Trainee: 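Take a look at the following structure, please.
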Number of protein chains: 2
Amino acid sequence: MSTRPIAARVSNADRNLKSRTAILAAAQQIMREEGYAAVSSRRIAAQAELKSQLVHYYFKTMDELFLALFHDVEEQFFARLDRAAASDRPLSALWAVCRDVHGPRLTKEFVAMATHHDALRGEIARAAERTRSVFVARIAHALSANGVSQDAWPPLALAVLMDGAGRLLIADHTLGATAGHAEVIAFIERQIARLEGGAPDERR
Amino acid sequence: MSTRPIAARVSNADRNLKSRTAILAAAQQIMREEGYAAVSSRRIAAQAELKSQLVHYYFKTMDELFLALFHDVEEQFFARLDRAAASDRPLSALWAVCRDVHGPRLTKEFVAMATHHDALRGEIARAAERTRSVFVARIAHALSANGVSQDAWPPLALAVLMDGAGRLLIADHTLGATAGHAEVIAFIERQIARLEGGAPDERR
DNA sequence: GTCTATAGGCCGATAGAC
DNA sequence: GTCTATCGGCCTATAGAC
């Protein structure tokens, strides 16, 4: 028998994390497949095979649940982003993150929610700025390593172009419109290769 | 008194277009301010100061209403886009359309809906492709007028970069994050000026 | 074309037993 | 921590009077 004080063992670790995790996983799946409007305590319960009241036990309000879900997703995303930024070819790796179809589908829902959901808006803005700064740092580094003028090619602008293009391609893909994608991807990857592939030639 | 056959005057023009218009206008405003999930027949009725049942008179189902609203918005958008494409400096004008804060807020909601709303998805995909083709045509024209290689700078890729950047800037703006925007905008407008404004001195 | 009335459903959230 | 029971609210949609 443990000699630790009961309070320490019980505080909030007494919670059945399996249920909490199942609730968040179910919420994420519903949001991904049917949009944020479809996420309700009852739908979550059905998905996770538990009672809807349990959702309210773990999350006092639905707003609280959405915030918790966002933090969950955010954490995974930044772990991935930081891994990409630390790779041998950070621009290629970051571009791969941009192009991944799974992340942004949720992001899109959260951004749509943010318009009219104050608490979420602040969190998302913070995450967006942090993401941007990771891109800017790696792009700036790649540019200076290749002797490219940052006045002519501001890293911030390139970061926005890269991220924006990625999101747009994914939005198209979701809609079922993939015409011309290969051409666009080839163009962007050609620019990245110039910076990372080792050929330090001037652009344009 | 008109001599036209009654049927022609009555067919479906007998409808009180004022109510129909008011319903769509109210729906648009709610969608803009509170997201698609907030658009209900009752909320529309309250906003437009009429009875919720009237909404069902004009639109048999809510899906039908959303489709009608999309077509409405789409029509206005393309009128504007075509006007921009026909202007003296089409790239500048198209970029202004990209940067406009009002259009995309609705677009974002529709795109979010599209994920799980089949009928809407097809319509939005069609509109997205049409938009893209307008951009590509003007960019290709500007490039060839300036003797820029379309192999090195594929119009399709530039269209995606331009549109994507515009949407991302607006998304940021909605979130309240505008840091660095001026720099990004300056960069993009510098590229456009090279193609349209001519060199520093040349002003066509 | 607009109204009243109403059916039938899913929602968030709470109270209280165990 | 999980359950049963339940309240009050907003939703889509229809029927039928005028």
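First the proteins, then the strands, lettered A, B, ... as listed; each starts at 1. Predicted model only: the values in this text are computed from it and were never measured.
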Trainee: Expressed as a whole number of angstroms, how long is the span from B:L50:CG to C:dT4:P?
Mentor: 12 Å
Trainee: Between protein and nucleotides 7-11 of chain D, what N or O pairs are separated by less than 3.5 Å?
Mentor:
residue : atom : partner : partner atom : Å
D:dC11  : OP1  : B:S40   : OG           : 2.6
D:dC11  : N4   : B:R42   : NH2          : 3.4

Trainee: Expressed as a whole number of angstroms, how long is the span from B:F59:CZ to D:dT14:P?
Mentor: 15 Å
Trainee: Could you list the residues that satisfy side chain to side chain contact (heavy atoms under 4.5 Å, CB included) with B:A112, not counting sequence neighbours?
Mentor: A:E109, A:A112, B:Y36
Trainee: Not counting sequence neighbours, which residues clear ring-ring contact (aromatic ring centres under 6.0 Å, His included) with A:F135? List them please.
Mentor: none
Trainee: Where is the tightest heavy-atom contact between A:V134 and A:A85, given as atom of each residue plus distance?
Mentor: CG1-CB, 3.8 Å
Trainee: For C:dG12, does either OP1 or OP2 sit under 4.0 Å from a side-chain N or O belonging to A:S52?
Mentor: no
Trainee: Rounded to whole Å, please give me the gap between CG in B:L65 and P in D:dA13.
Mentor: 10 Å
Trainee: Run the side chain to side chain donor-acceptor pair (under 3.5 Å) test against A:D72 and tell me which residues pass, sequence neighbours left out.
Mentor: none
Trainee: B:T61 near the nucleic acid: base, sugar-phosphate alone, or nothing, with a heavy-atom cut-off under 4.0 Å?
Mentor: sugar-phosphate
Trainee: To the nearest angstrom, how far is B:Y58 atom OH from C:dC3 atom C1'?
Mentor: 13 Å
Trainee: Applying salt bridge (Lys or Arg N to Asp or Glu O under 4.0 Å), can you list everything that pairs with B:D151, at least two apart in sequence or on another chain?
Mentor: none
Trainee: Could you check how far CG of B:L54 sits from P of D:dG16, rounded to whole Å?
Mentor: 19 Å
Trainee: If you check every side-chain atom of B:K51, which of C:dC3, D:dC3, C:dA5 has the closest atom?
Mentor: C:dC3
Trainee: Would A:R126 and A:E123 pass as an ion pair if we require N to O under 4.0 Å?
Mentor: yes
Trainee: Taking the minimum atom-to-atom distance to the side chain of A:Q53, which one of C:dT2, D:dT14, D:dT6 wins?
Mentor: D:dT6
Trainee: Does a side-chain N or O of B:Y57 approach OP1 or OP2 of D:dT14 to a distance below 4.0 Å, or not?
Mentor: no
Trainee: Which residue pairs pass the ring-ring contact (aromatic ring centres under 6.0 Å, His included) test when at least one of the two sits in residues 71-93 of chain B, sequence neighbours left out?
Mentor: none
Trainee: Do any side-chain nitrogens or oxygens of A:H56 fall under 4.0 Å of OP1 or OP2 in C:dA13?
Mentor: yes
Trainee: In whole Å, I'd like the distance from the OH atom of A:Y36 to the C1' atom of C:dG12.
Mentor: 17 Å
